[in-house]
Amino acid sequence: MSQTVTPELRRWIIEQAAAGFTPEVVLASMVASGWQEPVAVAALESTLREHLRNQAAAKPVVAVPEQAVASPGQGVPVPDLDLSLSPRQIDAGDRLVDVIATLSHPRVVVLGNLLSAEECDALIESARPHLARSLTVETKTGGEELNPDRTSSGMFFTRGQTPEVARIEARIARLVGWPLENGEGFQVLRYHPGAEYKPHYDYFDPAEPGTPTILKRGGQRVATLVMYLNEPARGGGTTFPDAGFEVAPMRGNAVFFSYDRPHPSTRTLHGGAPVIEGEKWVATKWLREREFV
Ligand code: PD2
Ligand code: ZN
């Protein structure tokens with residue numbers, strides 16, 4: 001049965017927060033009074049974020065950066081874009097980036113014109129000589145392994161490896177309000193027809209024995225930006241099965257998504273659908289909680 005979040009409920013949530021109840025306590029009382037937990041979490045997050053935005057907009061000085069506010073439960077602060085005034089475009093320093101679509105749960109933002117055609121081509125050409133069949137981080141050991149779920153080939157840039165890479169990294173840091181140092185180096189992937197990346201989460205599974213080793217380099221991943229460097233003729237969308245949502249790969253566009261806890265409740269299960277015709281090239285930027293060393 002679907003449950004509708006009414007303005008009355010939103011007012012009640014704000015009253016509870018104003019009275020000093022933590023989001024966890026408010027969540028517990030919502031669940032106790034019959035709200036389904038995912039609905040309650042989504043209502044809490046969206047209501048409190050919007051409330052903070054409204055408060056910030058009413059003050060000349062922003063006291064609490066909206067991006068630094070942890071969400072209910074075990075959530076940590078995550079990168080986010082400033083969409084408080086529903087902008088068509090966001091100033092990312094050296095470029096105006098288009099906001100094409102947003103989802104709140106999972107938190108997904110589809111962006112247009114993040115990269116110029118020249119930047120896309122330059123990334124492809126500097127990555128091409130270094131491609132190898134993709135590895136994924138092996139959470140059992142903290143090492144890397146060939147992954148049959150991932151039939152693309154890829155390579156990593158180090159952070160700031162070329163002036164072009166450094167410029168794009170600075171643009172992303174400004175766009176999502178997250179320190180440049182918390183980013184992993186770009187990973188570039190090439191998919192041939194038939195190649196895909198089966199649905200997965202980008203955070204490291206806390207239950208895996210290799211995860212503590214991985215986390216030493218900057219903590220958990222908290223957000224992903226997949227940038228499309230070209231356009232396959234058919235197929236190759238980035239899918240979010242829990243949201244029934246798919247992003248078409250368009251050159252220069254990107255999809256951003258964040259996850260404030262390493263848990264499926266973030267609904268950030270996502271995959272790269274099989275390429276049907278043509279090639280697909282992407283550059284992925286993963287953002288960590290702290291400086292990635
Ligand atoms: O290439 C993609 O669309 C894709 C899909 C899922 C990339 C990633 N994950 C990734 O790089 O994590
Ligand atoms: Zn992924």
Side-chain angles (χ1 to χ4, degrees), residues 78-79 100-101 103 106-112 114-115 120 123-124 127 130-139 144-157 165 168-169 172 176 183-205 208 211 214 220-259 262-264 266-288 292:
V78 295
I100 294 179
L103 269 180
R107 178 51 158 173
V108 179
V109 183
V110 182
L111 298 162
L114 174 62
L115 303 178
C120 291
L123 283 175
I124 289 175
H130 305 287
L131 292 177
R133 173 82 190 276
S134 291
L135 304 170
T136 41
V137 176
E138 170 50 88
T139 46
E144 288 191 312
E145 67 165 16
L146 265 183
N147 184 336
D149 288 345
R150 199 172 181 188
T151 47
S152 54
S153 41
M155 57 80 69
F156 275 95
F157 285 101
V165 164
I168 299 168
E169 286 171 336
I172 294 168
V176 303
E184 298 182 29
F186 288 141
Q187 175 184 238
V188 175
L189 293 178
R190 176 180 64 184
Y191 301 76
H192 287 298
E196 67 181 312
Y197 196 172
K198 296 230 170 84
H200 59 277
Y201 298 98
D202 281 353
Y203 55 74
F204 302 109
D205 183 349
E208 292 290 350
T211 294
I214 297 167
Q220 265 291 0
R221 287 177 176 164
V222 286
T224 303
L225 182 73
V226 178
M227 295 168 276
Y228 304 105
L229 305 181
N230 81 327
E231 286 167 23
R234 288 196 298 148
T238 304
T239 60
F240 292 83
D242 290 348
F245 189 63
E246 178 164 341
V247 181
M250 307 273 285
R251 182 164 73 163
N253 289 8
V255 58
F256 166 87
F257 53 99
S258 63
Y259 24 100
H263 193 272
T266 58
R267 304 179 73 204
T268 53
L269 183 70
H270 67 287
V275 172
I276 298 169
E277 187 185 336
E279 274 189 344
K280 172 187 171 191
W281 288 80
V282 298
T284 301
K285 182 76 165 171
W286 287 294
L287 303 172
R288 298 285 190 112
F292 178 73

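We count ligands from 1, going down the list as the structure has it; atoms in each ligand are counted the same way.
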Starting from the Zn ion (ligand 2), look over the N/O/S atoms of His200 and name the nearest one. NE2
Among the N/O/S atoms of Asp202, the Zn ion (ligand 2) lies closest to OD1
Give the atom numbers and elements of ligand 1 that come within less than 4.0 Å of a heavy atom of [X].
{"X": "His270", "answer": "6 (C), 9 (N), 12 (O)"}
{"X": "His200", "answer": "6 (C), 9 (N), 12 (O)"}
{"X": "Gly271", "answer": "5 (C), 6 (C)"}
{"X": "Gly272", "answer": "3 (O), 5 (C), 6 (C)"}
{"X": "Trp286", "answer": "10 (C), 11 (O), 12 (O)"}
{"X": "Val282", "answer": "1 (O)"}
{"X": "Thr284", "answer": "10 (C), 11 (O)"}

Do Thr238 and Tyr197 get their side chains close enough for a donor-acceptor pair, meaning under 3.5 Å? no
Looking at Phe257, Phe245, Tyr203, which one forms a ring pair (Phe, Tyr, Trp, His ring centres under 6.0 Å) with His270? Phe257
CG-OH distance between Leu269 and Tyr201, expressed to the nearest 0.5 angstrom: 4.5 Å
Assess Asp202 for proximity to ligand 1: is some non-hydrogen atom of it under 4.0 Å away? yes
Kindly confirm or rule out an N or O of Thr224 lying under 3.5 angstrom from an N or O of ligand 1. no
Trace of the side chain to side chain contact (heavy atoms under 4.5 Å, CB included) decision for Ile124 with Val188: CA-CA 8 Å; Ile124 289 175; Val188 175; 5.7 Å; no
Please compare Phe257, Tyr228, Tyr191 and report which has the shortest non-hydrogen distance to atom 1 (O) of ligand 1. Tyr191
Any side-chain heavy-atom pair of Leu123 and Trp281 under 4.5 Å: no
Are Phe240 and Val247 close enough that some pair of their side-chain heavy atoms sits under 4.5 Å apart? yes
Residues Phe256, Ile172; criterion side chain to side chain contact (heavy atoms under 4.5 Å, CB included); working and verdict: CA-CA 10 Å; Phe256 166 87; Ile172 294 168; over 6 Å; no
The test is side chain to side chain contact (heavy atoms under 4.5 Å, CB included); show your working for Leu225 and Val176 and say whether it passes. CA-CA 10 Å; Leu225 182 73; Val176 303; 5.7 Å; no
